Amino acid sequence: GPRRAPGIVVAVLDTGVDPTHPLLAGRLNPGFNALDPTRPPVERLDGAHNRAYGHGTMIAGLIAHIAPDARILPVRVLDADGVGSTSGVLAGLRFALRN
């Protein structure tokens, strides 16, 4: 069943997160977008086929279900096709470790 995790922050390094998803309301910390640091870490239809679109939101939803007291830190390191770069993942990891 769900585990209590007060004070725990779980970083989701993925395709971004849909902040309007009802399961995630009030659960998200300000995150980071390694693909475009000037934009929030929100999922966007920006891939050639968009096959990975929704993956980051799904993973955040699983975390919300398993650890209902945990905060979620969205870190976008992949586009909607699930493509990213090593430098982007490292930048996302550095951000997550600082936050």
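Because the structure is predicted, anything quoted here is derived from the model rather than measured.
- His65 places none of its side-chain heavy atoms less than 4.5 Å from the side chain of Leu62.
- Contact check for Leu73 versus Val12: no side-chain heavy atoms found under the 4.5 Å cut-off.
- Here the CD1 atom belonging to Ile63 is positioned 9.5 Å from the CG atom belonging to Leu24, to the nearest 0.5 angstrom.
- For the pair Thr57 and Glu43, the minimum side-chain heavy-atom distance is below 4.5 Å.
- Remark: His55 NE2 to Thr15 OG1 distance equals 7.5 Å, nearest 0.5 Å.
- Residue Ala96 comes nearest to Leu13 through the heavy atom pair CB-CD1, 4.3 Å, listed as atom of the first residue, atom of the second, then distance.
- Taking every heavy atom of both residues into account, Arg27 and Ala64 meet most closely at NH1-CB, 3.1 Å.
- Closest non-hydrogen pair, Pro41 versus Phe32, comes out as CB-O, 3.3 Å.
- Between Asp46 and Arg76 a salt bridge is recorded (basic side-chain N to carboxylate O distance below 4.0 Å).
- Here the CZ-CG distance, from Phe95 to Asn33, works out to 10.5 Å after rounding to the nearest 0.5 Å.
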Derivation and outcome, side chain to side chain donor-acceptor pair (under 3.5 Å), residues His49 and Asp81: CA-CA 6 Å; His49 302 285; Asp81 283 332; 5.9 Å; no

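- At least one side-chain heavy atom of Tyr53 sits less than 4.5 Å from a side-chain heavy atom of Leu45.
- Residues Asp14 and Val77 form no side-chain contact, since every pair of their non-hydrogen atoms from C-beta on lies 4.5 Å or further apart.
- By the 4.5 Å heavy-atom criterion applied to side chains, Val17 and Val42 are not counted as neighbours.
- Both Ile8 and Leu28 sit in one connected hydrophobic cluster of ILVMFWY residues. Membership requires side-chain heavy atoms under 4.5 Å apart, directly or through other members.
- Closest non-hydrogen pair, Gly82 versus Leu78, comes out as O-CD2, 3.6 Å.
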